[in-house]
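Notes follow the structure.
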Number of protein chains: 2
Amino acid sequence: MAWQFDPDRPIYKQLRERILLKIVSGAYGAGAQLPTVRDLAEEAAVNPNTLQKALSELERDGLVHAQRTSGRFVTGDKALIKQAKNDLAKEQIDLFLKKMAAIGYNRQDAVVLIQTIEEAKPK
Amino acid sequence: MAWQFDPDRPIYKQLRERILLKIVSGAYGAGAQLPTVRDLAEEAAVNPNTLQKALSELERDGLVHAQRTSGRFVTGDKALIKQAKNDLAKEQIDLFLKKMAAIGYNRQDAVVLIQTIEEAKPK
DNA sequence: CCTATTGTGTTATTCACTTAATACAATAAC
DNA sequence: GTTATTGTATTAAGTGAATAACACAATAGG
């Protein structure tokens, strides 16, 4: 059940993003314990070092913190998580609108298309 | 005026995308001549080999074609360009909705946010 | 015919990412 | 106090992207 990665972006960035998404979406709740580096690495079918690198970044952002032998935990600061969620959403929207503009669709067009287009079929 | 690149994705992929966007948006019209590899490379402040790689992919897709000593030209097939534009838009929308879903927003939420959020300020 | 221009191919080097295989550090649990 | 568990650090090797510096191929234009 190895995770899927985009071969065109560093894996550790994608790992960071996936874990971040789990945090902001609530899949990993505030204060919850994360699986160990080794477990996560095995689940993702990735080298532990790579996962370590991803987690370091989240740690730098204050979203997770490590306790030497107990494991890693999501921050208990719900406001911080909410903030991260808002930032993430805004960033995605900006990127999306910029790209749609480059294609030739303004904001209105984009909204119409989103509502028109079919859901991508799950493979 | 070197172009800006995301350090986390191969430059040649980004070059391909930028040129593709210029084609589907009409900045490079159907049948129009592209700048030479060397000129484009200088403009982007990138190695000509890297640009070559990007253009090869567009060529493979039939969107541009090279004429040995005259230069490179955008395809005259407007239907193909339109098709590429639609595909690109659909792909962007799918990716966007997927990521928003991962953050915790469904399609309706996404639309509301798009209409709510301020335009990103040009830096 | 010559020559400049354009696309294309080759080789070498540098660098970041990733994996692998460990070793070390700290502490909770016993 | 010992031990197992967890995070952290180190070193080496392999891979692909990007750059650099060319050489070669084809042909439009004089």
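To find a chain, count down the sequence lines: A is the first, B the second, and so on, and within it residues start at 1.
Here D:dA20 presents its P atom at 11 Å from CD1 of B:Ile11, a figure rounded to the nearest Å. Distance CG (A:Leu15) to P (C:dT19): 9 Å, rounded to an integer number of Å. For the pair B:Leu40 CG and C:dT6 C1', the interatomic distance rounds to 13 Å; values are reported in whole Å. Going from atom CG of A:Asn47 over to atom P of C:dT22 covers 13 Å, rounded to whole Å. If you take CD of B:Glu59 and C1' of C:dT6, they are 13 Å apart, rounded to a whole angstrom. Computed from coordinates, the B:Phe5 CZ to D:dA18 P distance equals 9 Å when rounded to whole Å. To the nearest angstrom, C1' of C:dA16 lies 15 Å from CG of A:Asp8. Rounded to whole Å, atom P of C:dC17 lies 10 Å from atom CD of A:Glu57.
Salt bridge A:Lys99/B:Glu91: absent, no basic N to carboxylate O contact under 4.0 Å. Ion pairing between A:Lys82 and A:Asp77 fails under the 4.0 Å rule for side-chain N and carboxylate O.
Here the side chain of A:Val46 is nearest to one of C:dT6, D:dT8, C:dT19, namely C:dT19. The B:Gln52 side chain lies nearest to C:dG7 when the options are C:dG7, C:dA26, D:dT19. Taking only side-chain atoms of A:Ala66, from C-beta outward, the nucleotide of D:dT5, C:dG7, D:dT8 with the closest atom is D:dT8.
Neither OP1 nor OP2 of D:dA17 sits under 4.0 Å from any side-chain N or O of B:Thr50. Between B:Lys53 and the phosphate of D:dA17, there is a side-chain N or O to OP1/OP2 separation shorter than 4.0 Å. At the phosphate of D:dA17, OP1 or OP2 sits under 4.0 Å from a side-chain N or O atom of B:Tyr12.
The base of D:dA28 lies outside donor-acceptor range of the side chain of B:Arg68, with no N or O pair under 3.5 Å. For A:Arg72 and D:dG7, a side-chain-to-base donor-acceptor distance below 3.5 Å is absent, hydrogens and geometry of angles not being considered.
Between B:Asp94 atom CG and A:Ile114 atom CD1 the span is 10.5 Å, to the nearest 0.5 Å.
With A:Phe5 as the aromatic partner, A:Lys13 does not meet the cation-pi criteria of under 6.0 angstrom to the ring centre and within 45 degrees of the ring axis.
The neighbour count for B:Glu59 CD, taken as heavy atoms of other residues, nucleotides or ligands under 6.0 Å away, is above 12.
DNA chain C is contacted by both A:Arg9 and A:Arg38; A:Arg9 maps to the nucleotide lying nearer its 5′ end (nearest heavy atom per residue). The residue among B:Asn49 and B:Pro35 whose nearest nucleotide of DNA chain C is located toward the 5' end is B:Pro35.
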